[in-house]
Amino acid sequence: MTVNASLARQLLEDLMKTPGWPVCLNTSTIRPAPLLDKIQIAAAAGYSGIELWSDDLTRFEKGGGSLSEIRQRLNDSGLKVPSVIALFDWMQSEGPHKDAAFGEARRRMEQAAAVGAPTIVASPVPDAPNVDLGRAASRYAELLELGRQVGVTPSMEFLGFFHNVFMLEQAAAIARQTGDAHASIVLDPFHLYRGGSGFGGIKFLKGIKISICHFNDAPAAPPQFDQSDADRVYPGDGVLPLSQMLRDLASIGYEGFLSIELFNESYWRDDLSVVARTAWKKAVSIVSTVA
């Protein structure tokens, strides 16, 4: 893939006009593309960063590639990697299962470090209907200590369609209860909506670190509590109060990445270069309303 001179000039002009937060492409948005193509697409579309998935990195390695090659491609493209996704099974597993989960967490953290990511997303367990926040905080503290050994910081995620850590307040409580200065959370407007947290709590997060803010929108239908990842739409094409969310983020001093994270299969059937560029333009359009 190459970018012609006219398009390159247009990209440069657009980037010079881009206000506020740096915009990142979460590669779920263009999931069918091979990993190296994802990097090229993100760079050509004007993004400042790319949020990678551990499964893509593992698949690349199993295919005979090296993470040093990925790191070089990222450097050549000028893309930062603010985060990698994700760690699983660390919160609830016991005995040998816990040992295996933390062993896998170390492997994924080492992958993240190899591609230059400072953080990795720590996802909660999906199927447990109850959660002991103190116990979850203790496990997250263990994960943070493992991250210190590797040089990558795990960040607590809440997922609106899960049964335990599905609200902002729960993730924030887990981070606070670790007592660890490096504890942080992942923010996501879709999950604020889907889990029922709403958007009013963002302005009260000043004492909580936000490692990254995913950026997406949700449609009016299906109903709020029936929506899944596949229902996410481009920023600005749905019903979420994204401009107000950004104003509240500005009020608490958040200056990190907005990472466009979509799982919309109808987008995956389109030209993925166009999808990436469309998502970037729509995100920047919203950012420009608050900068």
> For Arg59 and Asp56, run salt bridge (charged side-chain N to carboxylate O under 4.0 Å, His left out): C-alpha distance rounded to whole Å, both residues' side-chain angles, the deciding distance at 0.1 Å, then the answer.
CA-CA 5 Å; Arg59 194 176 300 114; Asp56 274 349; 2.7 Å; yes

> With a 3.5 Å distance limit and no angle check, can you tell me whether Lys209 reaches the backbone of Ala181 through a side-chain donor-acceptor pair?
yes

> Do the ring planes of Tyr140 and Trp90 sit parallel (below 30°), tilted (30 to 60°) or perpendicular (above 60°)?
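Taking Trp90 first and then Tyr140, their aromatic rings sit tilted (interplane angle of 30° to 60°).
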
> If you round to the nearest 0.5 Å, how far is CD1 of Ile252 from NZ of Lys206?
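Lys206 atom NZ to Ile252 atom CD1 measures 8.5 Å (nearest 0.5 Å).
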
> Could you tell me the separation between the CG atom of Leu144 and the CZ atom of Arg139, rounded to the nearest 0.5 Å?
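Rounded to the nearest 0.5 Å, the CG-CZ separation comes out at 13.5 Å.
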
> Test salt bridge (charged side-chain N to carboxylate O under 4.0 Å, His left out) on Lys98 and Glu142 and set out the steps.
CA-CA 11 Å; Lys98 179 188 175 186; Glu142 290 184 61; 2.8 Å; yes

> Counting only N and O atoms by type, is there a donor-acceptor contact under 3.5 Å from the side chain of Arg194 to the main-chain atoms of Gln227?
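Checking the backbone N and O of Gln227 against the side chain of Arg194, a donor-acceptor pair under 3.5 Å is found.
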
> Do the side chains of Arg108 and Asp55 get nearer than 4.5 Å, heavy atoms only?
yes

> Applying the side chain to side chain contact (heavy atoms under 4.5 Å, CB included) criterion to Ser197, which one of His191, Gln170, Glu169 satisfies it?
Glu169

> We want to know whether Gln149 and Arg106 form a side-chain donor-acceptor pair, criterion being a heavy-atom distance below 3.5 angstrom.
yes

> May I ask you to decide if Ala42's main-chain N or O and Trp280's side chain share a donor-acceptor pair within less than 3.5 Å?
no

> If we ignore hydrogens and angles and just use 3.5 Å, is the side chain of Asp248 paired with the main-chain N or O of Ile202 as donor and acceptor?
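Here the side-chain-to-backbone pair does not exist.
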
> Compare all side-chain heavy atoms of Ile212 with those of Ser155 and state whether any distance is below 4.5 angstrom.
no

> For Gln244 and Phe199, what are the C-alpha separation, side-chain angles and deciding distance, and is it a side-chain contact (heavy atoms from CB on, under 4.5 Å)?
CA-CA 8 Å; Gln244 183 59 53; Phe199 290 78; over 6 Å; no

> Under the criterion side-chain contact (heavy atoms from CB on, under 4.5 Å), I'd like the reasoning laid out for Val121 against Ser83: C-alpha separation, chi angles, the key distance, then a yes or no.
CA-CA 7 Å; Val121 173; Ser83 175; 3.5 Å; yes

> Taking atom types as modelled, find out whether Arg107 and Thr58 have a side-chain donor-acceptor pair closer than 3.5 angstrom.
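A donor-acceptor contact under 3.5 Å links the two side chains.
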
> Test Arg232 against every option in Thr29, Asp217, Asn264, Asp188 by the side-chain hydrogen bond (donor to acceptor under 3.5 Å, both in side chains) rule and name the one that passes.
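The passing option is Asp188.
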
> Ring of Trp53, cation from Arg31 - is the NZ or CZ under 6.0 Å from the centre and inside 45° of the axis?
yes

> Testing Leu192, Asn164, Val186 one by one against Phe158 for a side chain to side chain contact (heavy atoms under 4.5 Å, CB included), which residue passes?
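Of the listed residues Leu192, Asn164, Val186, the side chain to side chain contact (heavy atoms under 4.5 Å, CB included) partner of Phe158 is Leu192.
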
> Please evaluate residues Phe88 and Val125 with respect to the criterion side-chain contact (heavy atoms from CB on, under 4.5 Å), reporting the C-alpha separation (whole Å), side-chain torsions for both, the decisive distance (0.1 Å), and the verdict.
CA-CA 7 Å; Phe88 304 102; Val125 57; over 6 Å; no

> Between Ser211 and Thr119, do the side chains contain a donor N or O and an acceptor N or O under 3.5 Å apart?
no

> What I'd like to find out is whether the side chain of Asp127 reaches to under 4.5 Å of the side chain of Phe162, using heavy atoms alone.
no

> What I'd like to find out is whether the side chain of Leu249 reaches to under 4.5 Å of the side chain of Cys213, using heavy atoms alone.
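They are in contact (side-chain heavy atoms under 4.5 Å apart), so the answer is yes.
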
> For Gln111, run the side chain to side chain contact (heavy atoms under 4.5 Å, CB included) check against Leu67, Val152, Val150, Val84 and tell me which one passes.
Leu67

> Under 6.0 Å between ring centres: does that hold for Phe257 and Phe215?
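No.
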
> Counting C-beta onward and ignoring hydrogens, is there a side-chain heavy-atom pair between Asn75 and Arg71 closer than 4.5 Å?
yes

> The test is side-chain contact (heavy atoms from CB on, under 4.5 Å); show your working for Ile39 and Ile41 and say whether it passes.
CA-CA 6 Å; Ile39 294 171; Ile41 288 169; over 6 Å; no

> Decide whether a cation-pi geometry holds between Lys62 and Phe60; the criteria are a distance under 6.0 Å from NZ or CZ to the six-membered ring centre and an angle within 45° of the ring axis.
no

> Is the number of heavy atoms from other residues, nucleotides or ligands within 6.0 Å of CD (Glu255) greater than 12?
no

